[in-house]
Number of protein chains: 2
Amino acid sequence: MENQDLKHEVTDKYSLRGRVFHRIREDILNGKYKDHEELKEVAIGQELGVSRTPVREAFRQLELEGLIQIIPNRGAYVTGIKVNDIKDIYMIRSKLEGLCARWACDNISKEQLEEMEENIYLAEFHAARGHMEQMAELDNRFHNILYEACNSKMLEHLLKDYHQYVWRVRQKTLSSSRGAVSNVEHKYIMEAIRENNPDKAEELANQHMINAYENMVEKGLLEMFE
Amino acid sequence: MENQDLKHEVTDKYSLRGRVFHRIREDILNGKYKDHEELKEVAIGQELGVSRTPVREAFRQLELEGLIQIIPNRGAYVTGIKVNDIKDIYMIRSKLEGLCARWACDNISKEQLEEMEENIYLAEFHAARGHMEQMAELDNRFHNILYEACNSKMLEHLLKDYHQYVWRVRQKTLSSSRGAVSNVEHKYIMEAIRENNPDKAEELANQHMINAYENMVEKGLLEMFE
DNA sequence: CTTCGTATAATTGTATACATTCATACCAAG
DNA sequence: CTTGGTATGAATGTATACAATTATACGAAG
């Protein structure tokens with residue numbers, strides 16, 4: 001049991017089933033398979049050049065992740081995200097990102113802090129020029145650094161799941177004006193962590209998520225979801 | 001898509017694979033399969049009277065739930081819970097149960113409130129007599145009512161997962177003296193919800209989890225986990 | 001005695017065959 | 001035209017066969 005801390009995302013990444021799983025997951029998150037679309041085992045198997053077996057096993061996992069719903073003897077359907085789900089996720093993430101920022105105060109490494117700083121500096125550049133794609137990428141990376149810095153595999157795993165889960169929504173709701181503001185909030189969070197002020201870091205991270213959600217509501221970006 | 005809100009826990013409960021999944025899950029949570037024990041596909045299949053296929057699919061799901069770890073081409077091993085994981089889970093649950101109690105203020109039904117009241121009343125009876133098993137059962141039920149009352153499938157699902165996950169630990173760390181105190185805390189949480197005081201309900205639920213964790217630490221109940 | 005390599009057995013990974021369930025089309029009765 | 005029943009096809013559920021990988025045992029070389 002020397003691989004004690006290896007998690008499934010790592011261990012199965014290079015197996016056939018693992019690749020099938022990640023591939024279907026990507027295709028759902030990227031919108032290739034639309035909400036409520038039925039996924040057929042043979043069709044996907046043929047497309048990926050594998051038999052039904054690994055596809056089926058991937059389906060079971062995707063179901064547990066909430067990305068698809070399997071109705072016994074009927075089929076697998078892409079789960080549609082509903083407006084209420086989005087609100088719930090952002091409120092849950094608000095609490096968890098707060099906890100994450102709090103724990104990061106004690107556990108962040110010098111390298112991680114430096115990468116955060118660089119991230120924020122770069123984001124200022126792209127924000128000024130309206131480079132949406134780079135902003136999204138930097139935002140992703142900022143949060144992932146934070147997740148890794150909290151030194152809790154448990155929390156990191158949970159937050160990464162949610163982060164990916166709302167990726168579909170964020171891609172559709174990217175808003176240019178929020179980018180710069182969001183980056184300033186990142187900066188304050190980082191400073192609170194650097195000052196080792198857990199209360200402040202938690203509060204700022206809490207509010208960061210709430211602001212992100214309220215921005216989506218204000219701009220009417222959620223109306224496209226039913 | 002009329003079964004929109006049906007979740008996998010419900011839909012697959014009566015399929016063969018579903019039964020296999022739930023059965024293995026039970027056996028892990030009840031301690032039949034010990035930490036780090038290797039689970040063989042054929043052996044379990046024979047024991048349950050099924051082939052490897054449904055067993056394998058169940059394994060994939062159990063891996064995502066974190067109950068087992070699959071090492072490709074090697075085997076499936078029951079995941080050992082570590083002390084740090086327990087702390088993380090309780091801190092995460094603290095935040096989420098707080099959120100849950102907050103949302104329950106607006107969404108709890110009259111029936112749910114009544115069941116809570118009955119639950120607490122009964123628990124007083126059993127606490128006074130040191131009926132450990134009934135206390136554990138009532139505690140379980142109290143939290144499940146709370147989860148259902150928050151009116152968020154997202155949060156309910158998450159909390160139920162964690163609740164079951166630490167069930168293994170709780171069975172080993174049942175402490176007689178905490179039962180009565182815990183029940184009083186339940187009572188205060190319920191009253192805050194009934195008064196529709198979300199801030200108070202959240203704070204009390206937060207503290208309830210922290211107290212439960214600190215009780216385990218104080219009594220040295222976690223030392224058995226490595 | 002240790003170490004390396006090979007052979008063998010056991011286990012998992014994948015593909016395929018068979019069984020079962022469900023949806024659709026079609027036709028007949030009303 | 002509507003309703004209901006049956007037949008057919010297509011998809012999923014399960015079992016089994018085969019392939020690939022890994023662990024173990026054994027023996028020979030050093």
Side-chain angles (χ1 to χ4, degrees), chain A residues 1-4 6-25 27-28 33-34 36-64 67-79, chain B residues 1-4 6-25 27-28 33-34 36-64 67-79:
Chain A
M1 291 306 299
E2 71 287 355
N3 289 336
Q4 188 59 28
L6 282 177
K7 285 285 187 283
H8 55 278
E9 302 92 335
V10 178
T11 55
D12 69 8
K13 190 171 278 182
Y14 302 107
S15 72
L16 225 180
R17 172 187 61 83
R19 289 204 300 278
V20 171
F21 172 70
H22 288 287
R23 171 66 183 277
I24 301 175
R25 194 175 198 278
D27 286 343
I28 293 175
Y33 302 127
K34 303 280 185 293
H36 305 119
E37 182 171 342
E38 181 171 1
L39 301 181
K40 305 252 173 71
E41 294 176 355
V42 280
I44 290 180
Q46 283 182 346
E47 189 178 328
L48 303 183
V50 298
S51 76
R52 288 174 54 212
T53 310
V55 175
R56 279 180 63 81
E57 296 187 1
F59 276 14
R60 303 305 170 211
Q61 298 191 291
L62 290 164
E63 183 187 37
L64 265 197
L67 287 175
I68 67 176
Q69 181 187 17
I70 296 175
I71 301 178
N73 293 313
R74 291 260 295 277
Y77 304 87
V78 177
T79 305
Chain B
M1 292 305 298
E2 71 286 357
N3 289 335
Q4 187 61 28
L6 280 178
K7 285 285 187 280
H8 55 277
E9 302 91 335
V10 178
T11 54
D12 69 6
K13 191 171 281 185
Y14 302 107
S15 73
L16 223 180
R17 173 187 60 84
R19 289 203 301 276
V20 171
F21 171 71
H22 288 286
R23 171 66 184 278
I24 300 175
R25 195 174 197 279
D27 285 343
I28 292 176
Y33 301 126
K34 302 282 186 293
H36 306 119
E37 182 172 344
E38 181 171 2
L39 302 182
K40 305 252 174 69
E41 294 175 356
V42 279
I44 290 181
Q46 283 182 345
E47 188 177 330
L48 303 183
V50 298
S51 75
R52 288 173 54 212
T53 310
V55 175
R56 279 181 63 83
E57 295 186 2
F59 276 13
R60 303 306 171 214
Q61 298 191 290
L62 290 165
E63 182 188 36
L64 265 197
L67 288 175
I68 68 176
Q69 180 187 19
I70 297 175
I71 302 179
N73 292 314
R74 290 260 296 276
Y77 303 87
V78 178
T79 305

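Within every chain, numbering begins at 1; the chains are lettered A, B, ... in the order of the sequence lines, protein sequences first and strands thereafter.
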message: For A:T53 and A:G75, find the nucleotide of DNA chain D closest to each by heavy atoms; which residue's nucleotide sits nearer the 5' end?
response: A:G75
- request: Decide yes or no for A:R23 and A:R19: does some side-chain heavy atom of the first lie under 4.5 Å from some side-chain heavy atom of the second?
  value: no
field: Atom pair distance, as rounded to whole Å: OH in B:Y77 and P in D:dA23
entry: 7 Å
- prompt: For the pair made of CZ in B:R56 and P in D:dA15, what is the distance, rounded to whole Å?
  reply: 14 Å
field: Rounded distance in Å - CZ (A:F59) to C1' (D:dA11)
entry: 12 Å
statement: Here the distance between atom P of D:dT14 and atom CG of B:L48, to the nearest Å, is 13 Å
- request: Could I get the full list of side-chain hydrogen bond (donor to acceptor under 3.5 Å, both in side chains) partners for A:N73, not counting sequence neighbours?
  value: none
- prompt: If we only count heavy atoms from C-beta on, is the A:E57 to A:Q61 side-chain gap below 4.5 Å?
  reply: no
task: Considering just the side-chain nitrogens and oxygens of A:R74, establish if one lies under 4.0 Å of OP1 or OP2 belonging to C:dT21.
output: no
Spacing of B:E57 atom CD relative to D:dT14 atom C1', expressed in whole Å: 9 Å
query: Which of these, A:V55, A:I68, A:D27, A:L62, sits in a side chain to side chain contact (heavy atoms under 4.5 Å, CB included) with A:L39?
result: A:I68
query: Which of these nucleotides, C:dG13, C:dT12, D:dA11, is closest to any side-chain atom of B:E38?
result: C:dT12
- line: Shortest non-hydrogen pair, A:V20 vs A:P54, comes out as CG1-O, 4.2 Å
- line: Among D:dT12, D:dT16, C:dT16, the one nearest any side-chain atom of A:S51 is C:dT16
query: In whole angstrom, what separates A:Q46's CD from C:dA15's C1'?
result: 13 Å
side-chain contact (heavy atoms from CB on, under 4.5 Å) partners of A:E37, counting only residues at least two apart: A:Y33, A:K34, A:V78
C:dG13 OP1/OP2 closer than 4.0 Å to side-chain N/O of A:R19: no
Filtered N/O pairs between nucleotides 18-21 of chain D and protein, under 3.5 Å:
none

- request: Considering non-hydrogen atoms only, spot the tightest contact between A:F59 and A:I70 and give its length.
  value: O-CD1, 3.7 Å
task: Report the distance from atom CD of B:E41 to atom C1' of C:dA10, rounded to the nearest whole Å.
output: 12 Å
